[in-house]
Structures are given as structure tokens and as C-alpha cells.
Amino acid sequence: MRVQQLVRTQCNVDPLISKSIHQCPPMRNNFKGDGNFGQKKQAADSGKNLLTHDTGDWTTDISRITVARRLHGGNLFARRPVRCVPLTPDHRRRRSLRCREHWNWKDNEWGRVLFTDESRFSLSSDSHRILIWRDRGSRKHPSNIIERDRYGGRDVLVWGGIMLGSRTDLHIFDAGSVNGTRYCNEILLPYVRLFRGAMGLQFLFMVDNAPCHRTVAAEQLLESEDIERMDCPARSPDLNPLEHVWDFLGRRLVARTLPPVTFRELRLALQYEWAAMPHQLIDTLILSMARHCETCLAVRGDHILN
């Protein structure tokens, strides 16, 4: 019997390695005596050869532990896949065009951009980073359960902006949808116009393609205030450093000794963690944009794996 290929997903690997694989020659020719692959760059191919052999006179049973140990020796481990938004060829083309315009920007050029974005934070955390210590057989004990509403829960919509050496206050929207009028009155006038006045004509305002950003009212206000907009391509959160900031805030909320349990506590916690965020983190994220643009071009507009 010949196993044609090694499927990487755990659900498909388990049925393969849980069975006894017969007619498999010794593996001494494929592995060194120390249990490692000969070359790291051939780890994936060697892992495939582990389950792919010609039929011969040898009959050997291979256990799951043996297979797992050999895969680990080749630096192959079971991990959750990275979740990214789907990209069409048009998305990749637009991402490449944008990165081609800015890949050679210097630090001072990135320093004149105000990166902005919105995000939602919920009281019902769906973070998979939370780990607990428990006794065997106590999985469903009340102390080991985290309740989460399957359809979400009460959350808050926040807006923030970061710039090299500076940041805006974290704005938390009140309940209700954000239309063009609210966006102008709550974001553009009190925050963006203020930074435009401080920076002068060199100021760039980076914004995504959310509907409230594209209304006639928002367009007219930006034009009247002489604010130059720098568009972020659609489906490109990896090209906005604020996405890492939101991830940082989420981690900080989870790591709090007493996580927020009420709407008011969530608002206060978000404002505190935003204000306490290190300036060095913001500067590092912004100064990494040139490298991200180069990486995006190298993968022809595909996802950037940081």
C-alpha cells in the first residue's frame, strides 16, 4: 500500500497514522541516527517520505507517537491555521499598486501619516489565548467554564489614530450606527482637523473604505479643510498598523487581573489601556510599514504573514 501524500491538517492526519501502516521499509535511510532530518530545507519532503514507500518485503507497524516524533524532528508541528480575509485577483492587484507607491518611503514620510481605524470590543471574549489549569475529568466544572454568547454580545465601537510620536484619544461611540454625519461631527472635526492644523500641508490622513468614510458629507469636509487622504486598499488590515494596536488592546484586556464585566468597566478599561500603550510600540509598527510593502510586493499582493 502506498500513501500518496501527507495531509497537513490534524483531522486528516489522525486517520492515517491511527491505522497500522504495513509494508514500510526501515527508516534508517531517511533519517540520521539523531532522529533529525538531514537538511531543514527538505523537512517537508522528508515528512512526506515517512508515509510514502514502495511495497517491499518489509512489514512494520508505525505508531502515532513515532510519526509525531519524526515530524517534530523535521520542525513540523500541529498548529492552528492563520485566519485572513479572502483576496480576489483584483484585491491583490490593488494591494500591489499601493505598496509599489510607498515601498521606498523614508521614516519621515511615514511620520506624516495619521493611521486611523475602527474596531469592536465585546464583554463576551472569544479569545483563544485563555488557558486554564484543571484536573483531569473536570472539563465541565463551573469554575472551568467561560460563558460566551454565540451571536456576540454587548460591545463597543471605538476609533483611534496613531502617528509617529503621537496618537489621538480613543473615541468610543455611543450606541447606534455611525453614518456620515456622526463621523464628521465625532471624528473629522475634533480629531483629524486638529492634527491637520498641527502638521500643515504635509499631513496625510489614512482611512479605509468603510461606508461612513465615503459619504458626501465626509468628502466635502475633507476638501474644505484641505485634508489629503491616503486610501487603504480594500481587505487589507495587514497594511494598517492599527490592526496590531487593536490586537494589543485585546491582549491587555484579557490579561487584566479583573477583566471588565460591565459596559462601563469595558469603556474605562479600553481608555486606560489605550493611554498606557507604549509609544515605542506605535513607532515600531509605523516604521515597519516600508518592510510590509516590500513583503507584499514579494508575494504579489497576497497576505503578509508577520
Side-chain angles (χ1 to χ4, degrees), residues 79-103 105 109-122 124-129 152 155-164 167-168 170-173 177-178 183 187-188 191-192 204-215 218 229-254 270 273-274 277-278 281-306:
R79 295 291 186 267
R80 293 188 181 95
V82 179
R83 297 183 179 181
C84 299
V85 294
L87 295 176
T88 64
D90 184 63
H91 291 143
R92 293 184 176 89
R93 182 182 62 84
R94 293 179 182 274
R95 285 163 56 87
S96 296
L97 289 176
R98 192 256 182 174
C99 291
R100 194 170 292 114
E101 295 175 357
H102 305 296
W103 70 271
W105 271 23
E109 293 177 287
W110 288 111
R112 62 193 183 100
V113 181
L114 176 66
F115 299 89
T116 65
D117 193 23
E118 293 89 9
S119 184
R120 289 189 179 274
F121 292 88
S122 174
S124 301
S125 174
D126 59 352
S127 175
H128 297 287
R129 304 187 186 97
D155 57 17
V156 295
L157 177 64
V158 303
W159 175 93
I162 59 174
M163 199 173 215
L164 198 63
R167 79 191 79 176
T168 68
L170 184 69
H171 182 81
I172 301 179
F173 291 98
S177 61
V178 179
Y183 183 68
I187 301 300
L188 296 182
Y191 297 108
V192 179
L204 286 177
F205 173 49
M206 181 173 177
V207 65
D208 60 20
N209 297 304
C212 63
H213 303 162
R214 298 294 180 177
T215 61
R229 185 171 59 193
M230 177 180 175
D231 294 329
C232 182
R235 294 180 175 270
S236 300
D238 51 351
L239 294 179
N240 190 341
L242 257 174
E243 292 296 329
H244 297 281
V245 173
W246 301 139
D247 182 71
F248 173 82
L249 286 183
R251 291 173 182 266
R252 295 298 303 168
L253 290 178
V254 172
L270 285 169
E273 298 297 346
W274 174 269
M277 182 171 49
L281 172 64
I282 297 176
D283 294 346
T284 300
L285 291 174
I286 294 177
L287 294 179
S288 68
M289 288 302 300
R291 175 172 53 84
H292 288 176
C293 289
E294 292 182 2
T295 304
C296 185
L297 289 175
V299 296
R300 299 181 180 180
D302 210 341
H303 298 292
I304 302 174
L305 301 181
N306 297 316

Quick one: pull up [atom1] in [X] and [atom2] in [Y] and give me the separation to the nearest 0.5 Å.
X: Asp238; Y: Ile304; atom1: CG; atom2: CD1; result: 4.5 Å
X: Cys232; Y: Leu239; atom1: SG; atom2: CG; result: 5.5 Å
X: Asp247; Y: Leu249; atom1: CG; atom2: CG; result: 9.0 Å
X: Leu114; Y: Arg167; atom1: CG; atom2: CZ; result: 13.0 Å
X: Arg93; Y: Thr88; atom1: CZ; atom2: OG1; result: 9.5 Å
X: Met277; Y: Leu170; atom1: CE; atom2: CG; result: 8.5 Å

Tell me every residue that passes side-chain hydrogen bond (donor to acceptor under 3.5 Å, both in side chains) with [X], counting only those two or more places apart in sequence or in another chain.
X: Arg252; answer: Glu273
X: Asp208; answer: His213
X: Ser236; answer: Arg95
X: His303; answer: none

>> Please give me the minimum heavy-atom distance between Pro237 and Val85, naming the atom from each residue.
In response: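 Answer, listing the atom of Pro237 first, then Val85: CD-CG2, 4.3 Å.
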
> Closest approach of Arg235 and Pro86, non-hydrogen atoms and distance?
Replying inline: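 Scanning both residues, the minimum pair turns out to be CD-O, 3.2 Å.
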
>> When you compare the side chain of Pro233 with that of His91, does any pair of heavy atoms fall below 4.5 Å?
In response: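 The answer is no; the side chains never approach within 4.5 Å.
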
[X] side chain vs [Y] backbone, donor-acceptor pair below 3.5 Å:
X: Asp302; Y: Arg92; result: no
X: Thr116; Y: Met206; result: yes
X: Ser96; Y: Gly301; result: yes

>> Under the rule for ring-ring contact (aromatic ring centres under 6.0 Å, His included), what residues qualify as partners of Phe121, not counting sequence neighbours?
In response: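 Not a single residue meets the ring-ring contact (aromatic ring centres under 6.0 Å, His included) criterion with Phe121.
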
>> List the residues meeting ring-ring contact (aromatic ring centres under 6.0 Å, His included) with Trp103, not counting sequence neighbours, and say none if there are none.
In response: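 Counting only residues at least two positions away or on another chain, Trp103 forms no ring-ring contact (aromatic ring centres under 6.0 Å, His included).
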
Using the salt bridge (Lys or Arg N to Asp or Glu O under 4.0 Å) criterion, which residues pair with [X]? Sequence neighbours excluded.
X: Glu243; result: none
X: Arg300; result: none
X: Arg98; result: none
X: Arg120; result: Asp155

> Among pairs that include at least one residue of residues 281-290, which meet side chain to side chain donor-acceptor pair (under 3.5 Å), considering only residues two or more places apart or in two chains?
Replying inline: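 Found none.
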
>> Between Leu285 and Phe248, is the side-chain contact (heavy atoms from CB on, under 4.5 Å) condition met? List the steps.
In response: CA-CA 12 Å; Leu285 291 174; Phe248 173 82; over 6 Å; no

> Do you know which of Trp246, Phe115, Trp274, Tyr191 makes ring-ring contact (aromatic ring centres under 6.0 Å, His included) with Trp159?
Replying inline: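 It is Tyr191, the one option of Trp246, Phe115, Trp274, Tyr191 that forms the ring-ring contact (aromatic ring centres under 6.0 Å, His included) with Trp159.
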
> Mind checking what makes side-chain contact (heavy atoms from CB on, under 4.5 Å) contact with Ala218, not counting sequence neighbours?
Replying inline: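 Expected list: Tyr183, Cys184, Leu188, Thr215.
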
> Can a salt bridge be assigned to the pair Arg94 and Asp231 using a cut-off of 4.0 Å between side-chain N and carboxylate O?
Replying inline: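 No.
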
> Is there a donor-acceptor contact under 3.5 Å linking the side chains of Thr295 and His292?
Replying inline: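 No.
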
